[in-house]
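Heads up, the thing below is written out as structure tokens.
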Amino acid sequence: MKKTVIGILAHVDAGKTTLSECMLYLSGSIRKLGRVDHGDAFLDYNEQEKQRGITIFSKQAIFSWNDVEITLIDTPGHVDFSAEMERTLQILDYAIVVVNGLDGVQNHTKTIWELLKYYQVPTFIFMNKMDMPQANKEYLMNDLISHLDSQCINFTDMSAHDLETIALSDENILNYYLENGTIERSQLQKLIKERKIFPCYFGSALKNQAVKEFLDSMTNYIEEKQYGQEFGAKVYKITREDGNRIIHMKITGGELKVKQQISEDEKVDRIMQYRGNKYELLQSVSAGSVCCVKGLKNVYAGDVLGIEKKKYQPILSSYMNYRLVLPKNCDHHAMVKNLQQLAEEDPILHLQVSPQTQDIMIQLMGEIQIEVLKKMIKDRFLVDVEFDQGQIIYKETIRHTVEGVGHYEPLRHYAEVHVLLEPMPRGSGLEFVCDCIEELPKNFQRLVMTHLQEKEHRGVLTGSAITDMKITLVSGKAHIKHTEGGDFRQATYRAIRQGLKMTESVLLEPYYQFELEITNEYVSKAIFDLENMNAQFSIENKDNENIVINGIAPIRKMQNYQNEVLSYTKGKGRLYCSLSGYKECDDQEEVIQQINYDSEKDLDNPTGSIFCSHGAGFYVPWHEVYQHMHIALRQNQRENKNIVHHSSTSISDDELKEIFERTYGTIQNKTKNYEKSLKKEVSVQMKERKPQCLLVDGYNVIFAWNELNQLAKENLDVARERLIDIMSNYQGYKKCIVIIVFDAYKVKGNIGSKEKVHNIYVVYTKEAQTADMYIERTTHEMADHYDITVATSDALEQLIVIGQGANRISSRQLLLEVQSVLKNRFEEFQSQQEVSRNYLLEDIQEYKSKKR
Ligand code: GDP
Ligand code: MG
């Protein structure tokens, strides 16, 4: 049997769900015809969908017709849910576009059409509601031809003229037709598949008219897609059921089996095939099928597996950001966690927590989506939330190509990254490429590529996300000893921000594509308004009375125009809007001023870099990074390869010294200083025979420290995290081993855990094991090899621990120690920044004067 996956798409109310039901009924898959209006449709089983009578979540059904096994995917039609619709497009073999015969082609139908074109999905059109007397076949056929595609062909009653139109779409077929006076089925199949023609059918889903004929014809022209032997899959959706993640995917190569290993630590637990809201468990699925998988934790909507390589990037996006308003007494922290779960199911929600205000911001497409989300939050988490007004989401791009450089080298860290940023046409999104001529080891190259893609990088004009750029990793450097996990992340982020600062940025804003229909008398008013909005448009006389104005305008200015049109035309005018994409903002200066963003105050997204001198890190602002960087710019490398040695894959201390000398000159005393600082490090290491280890009794310390104790009263989780943060900073400076132990002995059935959080270890004891006991045992086990200090204020523990040969400090002493270390290091850092910078400047001047 041939297998195919078909998506059914339309504007809301066109009759998608009704048509799906009718097809299922005809195929014998369901016994009785449900009705959307009665709330018992087979596919609309979600509570909210029943109430609203619209399809919110795309679902699937499977049925057979004429030896074709069809997986039918019903997608949401309302504009607010386009993101979900778009994600399913990437896995479709064919699409059915349902058009409402009473209205003809709508704005949203056009949006769908553009998307189908973008994803190159072969398409059939079903013109529905032809049972209504107003529906006019001829008028509708013209509507399709003029608004969608000139190659829309009436397959319900095909005429000789239609055959000629088909023949004209392909040279070979034209020749064949001229010779034989006919076109073969296989030729039609091919034309449909290549999107050279679009078969159109007329009927009524509700009255079951011409649906059977539609199915006959469609299955006759469907060609089965061929897939390779090697496993591949595309993930198009994540849902949750009883807390379990369900991964929806289409297999695009080989087959998927239960227990199959997807990556190093990911294994398929279960494979399910849904039919409406019921599912069947399967042992394996082969290429061409859609299925649901349980057991994968790190797979997200839009991901590709196996041989599939190109990650999916949506072209529709939300353009409004809403602030979530929580009721009083609601646990902010817990809510963020909950919402993260939702955001994972729908990545387009784009959850963000503002570091300054702690506001939770969510990107949404419109009113209905807001209502649905509110209800979902209420159902899942029992909280009534509200959303505020909503703000336009801006984006940023660049005008000219630039190479950004990021360097991260606090003491005992090292990474340098160079990225080339190139502007791309509007709507391209971001593209990431690895073209590293510097011999950075492959694992670091991969790491940088991950860091480039793992986060939304902020522009430097307004802090908005960047877009329409090609970002290429061109070079980078690691250190044999000192490069640590997080270093390349730091260098990568900084490289992008530095590049943005070095070139001219452009602010983009979302535009509507609009169609305004009014009568003659209002034309001058409309033109006046549109010009005020900086709209670009063209005017067309529809007939003697009616005028149609088509164009684009910034959403910022047009978003409330709908009501205005209704009021000045006394309800007779109509305005259709759909998202046209991001374009350059006309009053950039004004908007930037309003947003009032300062790239240099955005501490989470630094534009400068950290370099190292005399064993201490110092901050170099973006405009001076080129003077300090260790690898030359790619352009210069090409011009004069001899300046920099790329021979080694990472640098050693010697080489560091060489770079140092090259940059600042071989000035005697300077070099000595540098050597001295290297020696000092070594001697310090020599003295510390055993590595230091600090064991912290977590809760004891939390309750002894005022700040944490206050936090703990409101939320223990937050206090715990804060302590982990503080200790991890402390570790960053002291470089000792830090283990924080939290008592979890009262938690039933708890088996305990030990995890690494950043640079420190966090232990939760198991049931019936207290923190004391853990610390005691650990001290005993480690005392031979480590110099152990235990921080607690528990009297009993003190005795035992000292008996084991460990040092002890009280929680209070630990606080003083931590405070002084963090404070000193901070001041040292600042003062050294000043000193070493001036020092270096002097050196360079001295060097220059000597050269003269
Ligand atoms: P969807 O939003 O595209 O899924 O549309 P529905 O299937 O929910 O249908 C929307 C409305 O149109 C419902 O009230 C249906 O009963 C009605 N409807 C669907 N198909 C037809 C049809 O062929 N003729 C008529 N007259 N009404 C229809
Ligand atoms: Mg529906």
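We number each residue from 1, following the sequence as shown.
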For [X], I'd like to know if atom [atom1] has over 12 heavy atoms of other residues, nucleotides or ligands within 6.0 Å.
X: Tyr626; atom1: OH; value: yes
X: Gln134; atom1: CD; value: yes
X: Glu564; atom1: CD; value: yes

Looking at every non-hydrogen atom in both residues, tell me the closest pair between [X] and [Y] and how far apart they are.
X: Thr165; Y: Gln151; result: O-NE2, 3.5 Å
X: Val419; Y: Leu473; result: CG1-CA, 4.3 Å
X: Trp113; Y: Leu148; result: NE1-O, 3.3 Å
X: Met533; Y: Pro554; result: O-CD, 3.2 Å
X: Pro425; Y: Asp468; result: O-CG, 3.6 Å
X: Gln90; Y: Gly302; result: NE2-CA, 4.5 Å

With a 4.0 Å cut-off, would you call [X] and [Y] a salt bridge?
X: Lys375; Y: Asp384; answer: no
X: Lys557; Y: Asp587; answer: yes
X: Glu509; Y: Arg556; answer: yes
X: Glu584; Y: Arg399; answer: yes

Requested in this report: For the pair Glu194 and Gln120, evaluate side chain to side chain contact (heavy atoms under 4.5 Å, CB included) and give the outcome as yes or no after the intermediate values.
Outcome: CA-CA 8 Å; Glu194 289 170 355; Gln120 287 293 307; over 6 Å; no
Polar side-chain atom of [X] near backbone of [Y] as donor-acceptor pair, under 3.5 Å:
X: Arg458; Y: Gly463; result: yes
X: Thr401; Y: Glu422; result: no
X: Thr397; Y: Thr467; result: yes
X: Arg489; Y: His451; result: no
X: Gln498; Y: Gly404; result: no
X: His457; Y: Leu452; result: yes
X: Tyr619; Y: Gly608; result: yes

Close side-chain approach of [X] and [Y], heavy atoms under 4.5 Å:
X: Leu19; Y: Phe126; value: yes
X: His11; Y: Lys16; value: no
X: Pro423; Y: Ile398; value: yes
X: Lys470; Y: Val433; value: yes
X: Glu515; Y: Val548; value: yes
X: Ile466; Y: Lys395; value: no
X: Asn154; Y: Leu144; value: no
X: Glu403; Y: Met502; value: no

Testing the 3.5 Å rule here: is there a donor-acceptor pair between the side chains of [X] and [Y]?
X: Asp529; Y: Asn532; value: no
X: Asp388; Y: Tyr322; value: no
X: Lys501; Y: Ser599; value: yes

Report task. Is it possible for you to check whether Lys525 lies under 6.0 Å from the centre of the six-membered ring of Tyr568, through NZ or CZ, and within 45° of that ring's axis? Result ->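 Yes - Lys525 lies over the ring of Tyr568, closer than 6.0 Å to its centre and within 45° of its axis.
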Query raised in the report: So, is the end of the Lys455 side chain (NZ or CZ) under 6.0 Å from the ring centre of Tyr493 and within 45° of the ring's axis?
Result: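 Yes, cation above the ring, under 6.0 Å and within 45°.
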In Å, rounded to the nearest 0.5 Å, how long is the span from [atom1] of [X] to [atom2] of [Y]?
X: Leu116; Y: Leu92; atom1: CG; atom2: CG; result: 8.0 Å
X: Ser505; Y: His400; atom1: OG; atom2: NE2; result: 10.5 Å
X: Asn128; Y: Asn100; atom1: CG; atom2: CG; result: 7.0 Å
X: Lys129; Y: Met132; atom1: NZ; atom2: CE; result: 8.0 Å
X: Phe537; Y: Phe514; atom1: CZ; atom2: CZ; result: 6.5 Å
X: Thr519; Y: Asn544; atom1: OG1; atom2: CG; result: 13.0 Å

Requested in this report: Could you check Met424 against Glu431 for side chain to side chain contact (heavy atoms under 4.5 Å, CB included), going step by step and ending with a plain yes or no?
Outcome: CA-CA 9 Å; Met424 301 256 282; Glu431 190 188 329; 3.2 Å; yes
Query raised in the report: Between Glu540 and Ile549, is a side chain to side chain contact (heavy atoms under 4.5 Å, CB included) present by the stated rule, with each step listed?
Result: CA-CA 6 Å; Glu540 191 188 318; Ile549 305 181; over 6 Å; no
Report task. Quick one: do Val235 and His248 satisfy side chain to side chain contact (heavy atoms under 4.5 Å, CB included)? Show the steps, please. Result -> CA-CA 6 Å; Val235 176; His248 300 243; over 6 Å; no
Report task. Begin from the C-alpha positions of Glu396 and Thr462 and carry the test side chain to side chain donor-acceptor pair (under 3.5 Å) through to its verdict. Result -> CA-CA 8 Å; Glu396 293 181 27; Thr462 59; 2.6 Å; yes
